[in-house]
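Shown next, in structure tokens, is the structure this report addresses.
Every chain is numbered from 1 and lettered A, B, ... according to where its sequence line falls, protein lines coming before strand lines.
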There are 2 protein chains.
Amino acid sequence: MRSNGAVSARDVAEAAGVSRTAVSRTFTPGASVAPATRAKVMAAAELLGYQVNNLARGLTRAESGLVALIVAELETPYRALLVSALTSKLQAAGKVAMIINTDRSDASVDAALRQAIGYRTDAAIVLSGMPDRALAELCQRNGLRLVLINRDEELPGAVRIRLDDEQAGATAARTLLRVGCKRPALVMSASATVSLAARARGFLDALSGEGIDPMVAIDGPTHYKTGLALGTDILSRADRPDGVFCVTDLIAFGVIDAARQRFGLRVPEDLSVIGFDDVPQASWEAYNLTTFRQPIPGIVDACVDWLSRPLDETSAKTVYLSADITWRTSVLSLSQRATSTTA
Amino acid sequence: MRSNGAVSARDVAEAAGVSRTAVSRTFTPGASVAPATRAKVMAAAELLGYQVNNLARGLTRAESGLVALIVAELETPYRALLVSALTSKLQAAGKVAMIINTDRSDASVDAALRQAIGYRTDAAIVLSGMPDRALAELCQRNGLRLVLINRDEELPGAVRIRLDDEQAGATAARTLLRVGCKRPALVMSASATVSLAARARGFLDALSGEGIDPMVAIDGPTHYKTGLALGTDILSRADRPDGVFCVTDLIAFGVIDAARQRFGLRVPEDLSVIGFDDVPQASWEAYNLTTFRQPIPGIVDACVDWLSRPLDETSAKTVYLSADITWRTSVLSLSQRATSTTA
DNA sequence: CCGAGGATTGCACAGCTGTGCATCAGGCTG
DNA sequence: CAGCCTGATGCACAGCTGTGCAATCCTCGG
């Protein structure tokens with residue numbers, strides 16, 4: 001027992017009357033130990049409360065078992081959902097996740113990656129911000145795998161997981177038109193994430209293909225309050241929209257509340273709303289939001305599968321996943337439309 | 001450069017033409033290095049992309065810089081908020097948080113703690129579940145500090161952070177009575193957490209002090225759906241309550257939605273609702289929930305302060321914090337009451 | 001009963017860093 | 001110019017584990 005107080009393999013060896021090597025072999029799967037020796041070691045370990053030191057183990061082995069999750073605004077529903085799923089799945093795969101917060105600036109992402117390298121993390125999963133190209137090469141040189149979720153740029157030795165955001169945007173546009181919306185609108189935050197931009201582009205392109213030039217509101221961070229403010233803005237104009245695609249559920253909730261609480265409008269009779277993420281709140285009865293479901297199990301599986309695969313294929317690879325629509329009642333159905341027009 | 005591919009201090013030493021010790025001293029604050037040597041080392045380190053190996057550093061030093069967060073259902077708004085704040089503050093204090101999920105069973109909490117010991121974590125912060133007494137002693141023997149947030153049992157060498165849940169419950173009861181509620185009710189999940197039980201007890205005791213025996217609904221997990229189901233239940237009874245205290249915001253949202261969507265009731269005119277946690281959704285206009293604010297900054301500060309303090313005081317200690325009420329519009333105000341009764 | 005072969009075990013080293021101790025250089029003072 | 005003191009540097013070891021290699025033990029077959 002050292003100054004730290006932690007019990008080491010040597011302590012167990014002494015207590016069990018065997019060599020330290022025997023202790024190490026007992027806790028190494030597939031190593032050759034006699035049943036009797038193993039039993040003695042296990043008994044002594046249990047008595048002393050021995051736990052293999054993963055730090056020292058990571059020093060010798062190529063893998064430390066640590067995976068860094070680099071994320072901003074973890075308290076956001078979608079992020080929390082993804083991080084929860086990721087940590088669980090990593091844990092089931094025998095790894096352990098460490099959280100490194102960023103403020104989304106590139107500098108802080110770089111600092112986060114340096115910290116990950118400092119802990120000899122097996123991999124870093126980037127959920128927010130974008131690492132510098134030089135940093136990505138540094139990671140590669142240090143044997144740290146890089147996973148980029150919904151990031152655009154192609155980086156050496158990194159795998160990207162992307163959604164078909166653009167197609168989802170187009171689907172949102174076609175859906176609003178199909179249920180009879182004459183004045184569709186787009187509500188969007190000003191944070192220029194690639195996936196948000198792609199959703200907007202898909203929406204706008206599909207509409208301009210139909211010769212429609214929709215109202216567009218862009219401002220603020222990707223929060224509820226942004227939706228509330230922008231919703232209040234667009235609904236107070238003369239040519240008030242009758243259908244909105246919000247690039248995020250949080251924004252959609254804000255828009256819905258603006259419509260109901262501040263203008264006395266009905267959703268979906270007066271205003272159809274489509275969101276994106278399928279956050280838990282989307283199924284709450286106050287909202288019942290029709291939205292695109294983030295394929296979280298798919299994202300998580302792609303991450304963990306790729307991490308447990310050998311490192312041979314250093315070629316940058318991209319995994320594409322699709323976000324399907326979840327139908328609820330925030331969009332006018334065709335039958336509803338029939339009754340509401342006759343009424 | 002080893003098989004791992006990571007660059008070590010020896011590589012930097014060779015490149016800079018100095019001893020490895022000089023490299024180590026360059027990255028150790030307060031060590032004695034000549035400015036010229038330091039400059040050479042820094043240049044070589046920058047060139048090669050060297051990052052001090054925290055695993056090896058943690059092997060020598062008493063502290064690893066790692067802190068384990070043991071938590072269940074991280075995707076829940078309150079948990080996500082707390083974990084986000086904790087990781088940020090820990091990071092600012094030079095530590096890094098690792099997440100260990102549990103399914104709330106005692107066995108999984110024990111496994112989580114063993115894993116934390118395996119990584120020679122400086123501390124473990126338990127947000128969910130309750131560690132076994134033997135495990136707590138094991139932690140203490142291994143030099144691992146234990147922080148229990150809203151857990152009840154007193155454990156050797158552990159610090160507890162508690163809220164005055166009972167008093168909050170009493171305040172909720174008095175508040176409902178003061179605004180004129182005649183038939184207060186309690187809605188509660190069946191998961192027997194200490195803090196939830198204390199809130200309920202405070203509420204019930206205060207009411208029975210006034211000679212009132214309120215309606216009580218208990219069932220299910222601490223989710224929105226539980227509130228929806230229990231709300232539907234109590235509101236369909238003959239002596240429908242006119243005021244509800246929900247032990248959690250999520251449950252309160254369910255109750256509000258049940259009242260509005262399924263019974264056409266108005267909140268607060270027909271039903272006053274009080275929650276607990278002050279989750280972000282509580283301030284959304286669809287709910288505007290009057291609720292007790294979790295003192296998250298206080299909790300986080302207490303954790304981190306205690307972790308950065310020396311280990312002398314091994315006495316079990318308890319930090320008490322208070323949850324103040326946040327007034328919104330889900331409770332009838334006295335002026336509203338005047339107008340609504342005259343109307 | 002003896003030899004061979006396989007299973008076990010222990011030694012010693014690698015992996016990376018921090019640090020006590022001794023050494024050495026250099027500057028300042030007398 | 002000599003001596004002393006301070007600051008810088010390097011050696012060697014500690015900290016904990018995994019593993020190659022050699023030695024040893026046991027068992028089984030002849």
Side-chain angles (χ1 to χ4, degrees), chain A residues 1-42 45 48-66 117-122 142-143, chain B residues 1-42 45 48-66 117-122 142-143:
Chain A
M1 239 194 255
R2 225 65 51 239
S3 64
N4 179 20
V7 33
S8 76
R10 196 173 56 186
D11 303 325
V12 178
E14 284 176 13
V18 297
S19 79
R20 193 191 55 75
T21 310
V23 178
S24 173
R25 291 215 165 92
T26 299
F27 291 99
T28 304
S32 163
V33 198
T37 311
R38 152 166 279 135
K40 276 194 295 184
V41 170
M42 291 301 279
L48 275 81
Y50 171 68
Q51 208 68 24
V52 180
N53 187 335
N54 274 89
L55 271 50
R57 180 178 265 179
L59 212 52
T60 312
R61 288 190 172 170
E63 305 201 343
S64 66
L66 293 168
I117 295 176
Y119 277 99
R120 295 301 183 266
T121 295
D122 292 341
N142 278 328
Chain B
M1 238 192 257
R2 226 67 50 241
S3 64
N4 180 18
V7 33
S8 77
R10 196 173 57 186
D11 304 325
V12 178
E14 286 177 12
V18 296
S19 79
R20 192 191 56 74
T21 309
V23 179
S24 174
R25 291 216 165 92
T26 299
F27 290 99
T28 303
S32 163
V33 198
T37 311
R38 154 166 277 134
K40 276 194 296 185
V41 169
M42 291 301 280
L48 286 129
Y50 171 68
Q51 208 69 24
V52 180
N53 187 336
N54 274 88
L55 270 51
R57 180 178 266 179
L59 211 52
T60 312
R61 288 188 172 171
E63 305 202 343
S64 67
L66 293 168
I117 295 176
Y119 277 99
R120 295 301 183 268
T121 294
D122 292 341
N142 278 327

Starting at atom [atom1] of [X], determine the distance to atom [atom2] of [N], rounded to an integer number of angstrom.
{"X": "Asn53(A)", "N": "dG18(D)", "atom1": "CG", "atom2": "P", "answer": "9 Å"}
{"X": "Gln51(B)", "N": "dT17(C)", "atom1": "CD", "atom2": "C1'", "answer": "14 Å"}
{"X": "Leu55(A)", "N": "dA14(D)", "atom1": "CG", "atom2": "C1'", "answer": "16 Å"}
{"X": "Glu14(B)", "N": "dC16(C)", "atom1": "CD", "atom2": "C1'", "answer": "14 Å"}
{"X": "Leu59(B)", "N": "dT19(C)", "atom1": "CG", "atom2": "P", "answer": "13 Å"}
{"X": "Arg120(B)", "N": "dT17(D)", "atom1": "CZ", "atom2": "C1'", "answer": "11 Å"}
{"X": "Asp11(A)", "N": "dT17(D)", "atom1": "CG", "atom2": "C1'", "answer": "13 Å"}
{"X": "Phe27(A)", "N": "dC16(D)", "atom1": "CZ", "atom2": "C1'", "answer": "14 Å"}

Side chain of [X] (C-beta onward), nearest among [options]:
{"X": "Val52(B)", "options": "dG10(D), dG18(C), dA8(D)", "result": "dG18(C)"}
{"X": "Arg61(A)", "options": "dG18(D), dG10(C), dT17(D)", "result": "dG18(D)"}
{"X": "Ser8(A)", "options": "dT17(D), dC16(C), dT8(C)", "result": "dT17(D)"}
{"X": "Thr60(B)", "options": "dG18(C), dA8(D), dC16(C)", "result": "dG18(C)"}

For Val23(B), which contact category applies under a 4.0 Å heavy-atom criterion: base, sugar-phosphate, or nothing?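 No contact at all - Val23(B) keeps every heavy atom at 4.0 Å or more from the nucleic acid.
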With sugar-phosphate meaning primed atoms plus P, OP1 and OP2, does Ser32(A) contact a base, only sugar-phosphate, or nothing at under 4.0 Å between heavy atoms?
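Contact class for Ser32(A): base.
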Query raised in the report: Does the side chain of Asn53(B) reach to within under 4.5 Å of the side chain of Leu59(A), using non-hydrogen atoms?
Result: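 The answer is yes; the side chains approach within 4.5 Å.
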- Query: Taking C-beta and beyond as the side chain, do Thr60(A) and Arg57(A) meet within less than 4.5 Å on heavy atoms?
  - Reply: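 No, every pair of side-chain atoms sits at 4.5 Å or beyond.
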Let's test your reading of the model: under 3.5 Å, does the base of [N] pair with the side chain of [X] as donor and acceptor?
{"X": "Arg25(B)", "N": "dG20(C)", "result": "yes"}
{"X": "Thr21(A)", "N": "dC11(C)", "result": "yes"}
{"X": "Arg20(A)", "N": "dG18(D)", "result": "yes"}
{"X": "Arg10(B)", "N": "dG10(D)", "result": "no"}

- request: Taking only the side-chain nitrogens and oxygens of Tyr50(B), find out if one of them lies under 4.0 Å from OP1 or OP2 of dC16(C).
  value: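 No.
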dT17(D) OP1/OP2 closer than 4.0 Å to side-chain N/O of Ser24(A):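 Ser24(A) to dT17(D) OP1/OP2: no side-chain N or O under 4.0 Å.
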Drop me the distance from Leu55(B)'s CG to Thr121(A)'s OG1, to the nearest 0.5 angstrom.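 Here the interatomic distance stands at 8.5 Å.
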Review point. Hey, what do you get for CG (Asn142(A)) to OH (Tyr50(B)), rounding to the nearest 0.5 Å?
Key: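 Reported to 0.5 Å precision, the distance equals 10.5 Å.
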Would you mind writing out the side-chain donor-acceptor pairs for residues 26-42 of chain A within the sub-3.5 Å range, not counting sequence neighbours?
residue	atom	partner	partner atom	Å
Thr26(A)	OG1	Ala22(A)	O	2.8
Thr28(A)	OG1	Ser24(A)	O	2.7
Arg38(A)	NH2	Thr26(A)	O	3.2

Q) Shortest non-hydrogen contact from Val12(A) to Ala45(A)? A)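 Smallest heavy-atom distance, with atoms named: CG1-N, 3.9 Å.
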**Report entry** Closest-nucleotide ordering on DNA chain D, the 5'-leading residue of Ala56(B) and Arg38(B)
**Finding:**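 Going by which nucleotide is closer to the 5' end, it is Arg38(B).
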